[in-house]
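First the proteins, then the strands, lettered A, B, ... as listed; each starts at 1. The figures that follow rest on heavy atoms only: side chains count, while hydrogens, waters and symmetry mates do not. All of these numbers come straight from a predicted model, not from anything done at the bench.
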2 protein chains.
Amino acid sequence: MSGLIYEQKHRIKYYECDATKKISVPMLLNIMLYVSGKQGKLLNVGDDVVTQPQSYNKFFTYREFKVYDEAGELCVTTHCTFAMMDFNKRKMVRIVDELVAPYEVEATKKLVRTPKPEIVDQEAAKTIDYRVRYLDIDANQHVNNAKYLDWFLDSLGLEFIKNHELKSINVKYEKEVSYGNWVQCEVSQKVQEDGRILTAHQINNDGIPSCEASMTWLPL
Amino acid sequence: MSGLIYEQKHRIKYYECDATKKISVPMLLNIMLYVSGKQGKLLNVGDDVVTQPQSYNKFFTYREFKVYDEAGELCVTTHCTFAMMDFNKRKMVRIVDELVAPYEVEATKKLVRTPKPEIVDQEAAKTIDYRVRYLDIDANQHVNNAKYLDWFLDSLGLEFIKNHELKSINVKYEKEVSYGNWVQCEVSQKVQEDGRILTAHQINNDGIPSCEASMTWLPL
């Protein structure tokens with residue numbers, strides 16, 4: 001059983017857009033998480049814990065986001081899986097029932113199976129190094145989850161982004177990254193049978209995967 | 001004579017803040033420019049031209065911003081000088097009177113004199129290189145003006161920012177920077193007589209200054 005639905009209008013601003021004059025994907029993620037945080041505040045469970053009106057089990061909570069344009073057309077659907085972290089130990093902890101209860105969402109023993117991102121083709125891959133900068137770090141003292149998307153998109157280059165329309169993203173966060181770290185961002189591309197381009201991405205930090213993603217793109 | 005005042009409430013969001021849980025300076029600049037753009041829209045002169053309710057002359061328009069906290073305390077005062085650019089020629093053009101008229105601001109022959117940013121002390125300077133990334137570019141196809149502040153702040157480092165409170169900034173934009181450019185960001189620090197730290201910054205692109213700034217900081 002899904003939980004309470006919360007919705008909010010958002011006017012897209014100039015500084016939320018990229019060179020193509022469309023809202024950037026990292027900013028869209030920021031806004032979606034902000035809206036879910038607002039629901040938490042409304043339900044008086046703070047906006048530090050992001051939970052969601054789909055279902056939850058011992059370790060994960062599931063939330064769906066839908067983004068509509070002015071004409072009411074559905075533009076984006078997002079399925080998120082969240083874990084809860086102990087801020088000091090930097091470790092996953094069990095979901096606290098009291099924090100989820102206000103969302104009126106049912107506990108389940110079922111783990112939702114999510115497809116893994118496609119893996120990078122090492123033979124076709126290129127790698128770009130990124131130093132973690134001051135503004136990549138958020139109040140949780142680690143790289144903000146939207147920043148990984150900055151790196152993934154930058155590694156494709158502006159010309160690619162201008163000439164392709166993003167159709168889907170699958171991102172898996174593995175391990176947090178800290179200020180001053182240098183990460184290696186691997187990327188490979190291949191053309192699928194349906195003509196779409198599949199891009200596969202992986203961020204490594206000191207040899208350990210921090211985040212993986214794959215995206216599909218339609219040539220314009 | 002100053003022109004029409006426009007004001008807007010803004011709730012600070014998690015993703016607008018940095019590691020110190022305060023709104024980041026580049027984001028504050030984004031929001032101020034957004035608000036001035038909204039005034040332009042309201043006055044039906046589009047939000048592509050940013051003009052301002054202080055005064056204007058042949059080549060420049062002047063705008064003041066004031067940011068208040070919830071208690072009504074003045075937190076930030078900003079004085080901006082804007083020029084108008086020909087989008088295709090990438091050159092400064094004369095201010096178009098019809099675009100300024102709705103703001104009810106008087107034309108003047110006076111140039112407002114603004115103090116120049118303090119220059120970098122080359123003997124004490126360190127330099128960090130930045131590659132212009134996909135998300136640094138805005139719809140005007142150049143590095144967004146807030147991004148220079150990202151670079152300036154990053155060049156100071158997170159520890160410095162956590163241990164100092166920013167008191168003032170003076171920024172001068174000289175020349176636009178394009179996608180794929182590598183810029184050199186110079187920074188030097190010195191302690192002033194009043195105990196504050198003065199930091200001086202300069203962005204060079206292919207040897208040509210693109211932006212200069214100086215800031216004062218109070219040790220915490």
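Contact annotation for L149(A): neither backbone nor side-chain heavy atoms come within less than 4.5 Å of a heavy atom of chain B. When heavy atoms are compared at a cutoff of 4.5 Å, D154(B) approaches chain A by way of both its backbone and its side chain. With a 4.5 Å cut-off on non-hydrogen atoms, L153(A) touches chain B through its backbone and its side chain both.
Of all residues spanning residues 129-141 of chain A, those with a heavy atom less than 4.5 Å away from chain B's heavy atoms are Y130(A), R131(A), R133(A), Y134(A), L135(A), I137(A), D138(A), A139(A), N140(A), Q141(A), arranged by number.
Exactly one residue among K91(A), R90(A), K147(A) makes a salt bridge (Lys or Arg N to Asp or Glu O under 4.0 Å) with E176(A). That residue is R90(A).
Side chain of K172(A) to main chain of S210(A): no donor-acceptor pair is present (N/O by atom type, distance under 3.5 Å, no hydrogens or angles).
H201(A) and T199(A) are linked by a side-chain donor-acceptor pair at a separation below 3.5 angstrom, with hydrogens and angles left out of the test. Residues E159(B) and H164(B) bring no donor and acceptor atom of their side chains to less than 3.5 Å of each other.
Contact count against chain B (heavy-atom pairs under 4.5 Å) is highest for L158(A) among L158(A), I161(A), I31(A).
Contact between P117(A) and V171(A) at its shortest, heavy atoms only, is CG-C, 4.4 Å.
The side-chain contact (heavy atoms from CB on, under 4.5 Å) test applied to D206(B) returns no partner, not counting sequence neighbours.
The neighbour count for I119(A) CD1, taken as heavy atoms of other residues, nucleotides or ligands under 6.0 Å away, does not exceed 12.
Taking the six-membered ring where the residue is Trp, the centroids of Y14(B) and Y34(A) are separated by 6.0 Å or more.
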